[in-house]
There are 2 protein chains.
Amino acid sequence: MKPVRAQGGVATRTANKLKRKQTILNTARDIIASGGYACFTLAELASQANVTVPTIHNLIGNKSEVLKQLVVDMVERTEKVLSSTAFSDPISAVESFTDNLMSLYQDDEAFYKAAFVIGEQESMFEHGHSGGIFKKSLKLAYQVCLDAKEHGFLAGNINSELLADRLFANQRIARYDWMHGYINLSEYRCQMICGMLLTFSADATDQYRPILIAKISHIFAQSAK
Amino acid sequence: MKPVRAQGGVATRTANKLKRKQTILNTARDIIASGGYACFTLAELASQANVTVPTIHNLIGNKSEVLKQLVVDMVERTEKVLSSTAFSDPISAVESFTDNLMSLYQDDEAFYKAAFVIGEQESMFEHGHSGGIFKKSLKLAYQVCLDAKEHGFLAGNINSELLADRLFANQRIARYDWMHGYINLSEYRCQMICGMLLTFSADATDQYRPILIAKISHIFAQSAK
DNA sequence: TTGTAAATTTTATGCAATATAAAATTTAAT
DNA sequence: ATTAAATTTTATATTGCATAAAATTTACAA
């Protein structure tokens, strides 16, 4: 008869495994942050993490799995920013949301850029995917539109879903230009704010529109300096 | 003394070379259009074009060169659409520009999608690049803004460069969603038109804005059907 | 402590794709 | 038909991802 073994062994091993896995992922993150996505090979990762390539396969999976883990981690951090945005008026909502994002990305810019590129390449941002960050962002944008209408900032002539779509789109295209290296973080900030406020302008009340446009002009002038 | 040779030989060879090169590129295009970008390997291309891999290297260059040639070809076709857009009013300018693009992409949708993805991957769309399609598109958008202001459609409260930036951005994000497979061609059309017209709305005169919004609502309602 | 079974890591190897040097062949003009 | 240049191919190197099987380590129990 086989000897009965306590379950402690498995638990300990599992815990250690998780630690080693995390070490490898952190190393992966460092490689991408310093050398860029192109430098990232399994051989390089294995070497820097002091393991061999099959170990990576064993602990995490194939290259795609490793990359996906990094993106999941990035998305989780980004989602925290989404949930911490409170509404008062469109201008401060947009500004505080943007600045929260910027301070997150600033810490480890190269990594966040790469993570977005990877997520795109690995098709992790499917719009339809209901639990996805895209759906959540869109929902947030929709809520901001409703609130803005409620508080008399918007005339309500334009469908809120359409408006939310466009807010979201303007946010994304700025990020897109940043993650592909066309613009830097501060230009990202300007384009995102200008794009979103301009979208609000399209449906703003006659009282609020001049305020939006003044803000937009101010931000734009800063960036062109 | 070396025998003097007429130049005819070289000319004939050069002409033939160009033809063979074009055959290979056409085959490459077919492979991508039918099987997608992932199927595209030099070995597959060589096989389908009835040559060997080194011949491709000799005639065109490495894999990246082959891909770039395809993108250059695609960009040239797209640029023709840009230059054929005449101005009358913002709505018809946007609509005719969009429909010209759509009819171009419709012919060979899979290829155009892939070509944009490749161009992005090969960093061929650098915004700064003065001769690039991006600068040209932006310039066209700027001209449309000036014309619109001139003809009394826009109030002129928003800087034309900023407005052109946003028009261009809204056009790009729609294309981006299409080329990554998030939306189909007809959604691409709706998003592009809605985005651009909404941008105009932000600075439209009080007379013109309702007309824009009516058009936007109409297009949006179509897409939601 | 020390033996042991399971988990884990590594060695060794395969495969696929890009790339190139050098040999063999084809080409176009004389 | 001959010839020199251009072109294609054969053969081979390199790199990166992946995995089977052998060797090693690990955590627990007696």
Side-chain angles (χ1 to χ4, degrees), chain A residues 1-25 27-28 31-32 35-70 114 117-118 121-122, chain B residues 1-25 27-28 31-32 35-70 114 117-118 121-122:
Chain A
M1 185 179 169
K2 281 186 180 179
V4 177
R5 304 182 68 87
Q7 217 169 337
V10 174
T12 311
R13 281 172 191 275
T14 308
N16 288 345
K17 197 169 172 173
L18 225 76
K19 256 187 204 162
R20 294 195 305 275
K21 187 173 159 178
Q22 201 53 53
T23 304
I24 293 175
L25 287 175
T27 307
I31 291 172
I32 290 176
Y37 179 46
C39 292
F40 182 75
T41 65
L42 291 184
E44 181 64 25
L45 174 55
S47 158
Q48 289 203 27
N50 290 313
V51 293
T52 59
V53 173
T55 298
I56 298 171
H57 275 92
N58 177 34
L59 288 177
I60 301 173
N62 63 19
K63 186 177 185 178
S64 174
E65 290 300 319
V66 176
L67 294 174
K68 280 182 182 170
Q69 288 288 330
L70 294 179
V117 173
I118 292 163
Q121 229 168 64
E122 301 282 329
Chain B
M1 182 181 173
K2 281 188 179 176
V4 177
R5 303 182 68 86
Q7 218 170 336
V10 173
T12 310
R13 279 171 194 275
T14 308
N16 287 346
K17 198 170 173 174
L18 225 78
K19 254 185 204 162
R20 294 194 306 276
K21 187 173 160 179
Q22 201 53 52
T23 303
I24 293 175
L25 287 174
T27 306
I31 291 172
I32 291 176
Y37 180 43
C39 292
F40 182 75
T41 66
L42 291 184
E44 180 64 24
L45 174 54
S47 158
Q48 289 203 28
N50 291 313
V51 291
T52 59
V53 173
T55 298
I56 298 171
H57 275 91
N58 177 33
L59 288 178
I60 300 172
N62 63 19
K63 186 177 185 178
S64 174
E65 290 300 320
V66 176
L67 294 173
K68 280 182 185 173
Q69 287 288 329
L70 294 179
V117 172
I118 292 165
Q121 230 169 63
E122 300 283 330

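Just so it is clear, the values below take in all heavy atoms, side chains as well, and ignore hydrogens, waters and symmetry mates. So that the names make sense, note that chain A is the first sequence line, chain B the second, and so on, each numbered from 1.
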Response to the item:
When rounded to whole Å, the NE2 to P distance for the pair A/His57 and C/dA12 reads 19 Å

Item to complete: Using whole Å, report how far CG of A/Asn50 lies from C1' of C/dT8.
Response: 16 Å

Discussion item. I need the CG-P distance between A/Asn16 and C/dT9, as an integer number of Å.
Written reply: 10 Å

Worksheet item: Can you tell me how far the CD atom of A/Glu122 sits from the OG atom of A/Ser64, to the nearest 0.5 Å?
Response: 3.5 Å

Fill in: Rounded interatomic separation in angstrom, taking CG from A/Leu59 and C1' from D/dT25
14 Å

Item to complete: Can you figure out which of D/dA27, C/dA21, D/dC17 approaches the side chain of A/Leu42 most closely?
Response: D/dC17

Item to complete: Would you mind telling me which of C/dT9, C/dA19, D/dT9 lies closest to the side-chain atoms of B/Val51?
Response: D/dT9

Practice prompt. Let me know the distance between CG of A/Asn58 and C1' of D/dA21, rounded to the nearest Å.
Written response: 14 Å

Worksheet entry | Passing candidate, side chain to side chain contact (heavy atoms under 4.5 Å, CB included) with B/Lys21, options B/Ile60, B/Val66, B/Ile56, B/Asn58 | B/Ile60

Worksheet item: Choosing from D/dA27, C/dA19, C/dT10, which nucleotide comes nearest the side chain of A/Pro54?
Response: C/dT10

Fill in: Spacing between B/Ile56 atom CD1 and D/dT7 atom C1', to the nearest angstrom
14 Å

Discussion item. Does any part of the side chain of A/Leu45, heavy atoms only, come nearer than 4.5 Å to the side chain of A/Lys63, both counted from C-beta?
Written reply: no

Worksheet item: About how many Å separate CD1 of B/Ile32 and OG1 of B/Thr27, when rounded to the nearest 0.5 Å?
Response: 11.5 Å

Worksheet item: Can you check whether A/Asn16 reaches A/Arg20 side chain to side chain, under 4.5 Å on heavy atoms?
Response: yes

Practice prompt. Could you please name the option among D/dT9, C/dT11, C/dA19 that lies closest to any side-chain atom of B/Thr52?
Written response: D/dT9

Worksheet item: Rounded to whole angstroms, how far apart are NZ on B/Lys17 and C1' on C/dT27?
Response: 13 Å

Discussion item. Distance check needed: C/dA28 C1' versus B/Lys19 NZ, whole Å only.
Written reply: 15 Å

Worksheet entry | Proximity to the side chain of B/Arg20 - top-ranked nucleotide from C/dT10, D/dT8, C/dA19 | D/dT8

Discussion item. For a quick check of understanding: with a heavy-atom distance under 4.0 Å over all strands, which category does B/Thr41 fall into, base, sugar-phosphate or nothing?
Written reply: sugar-phosphate

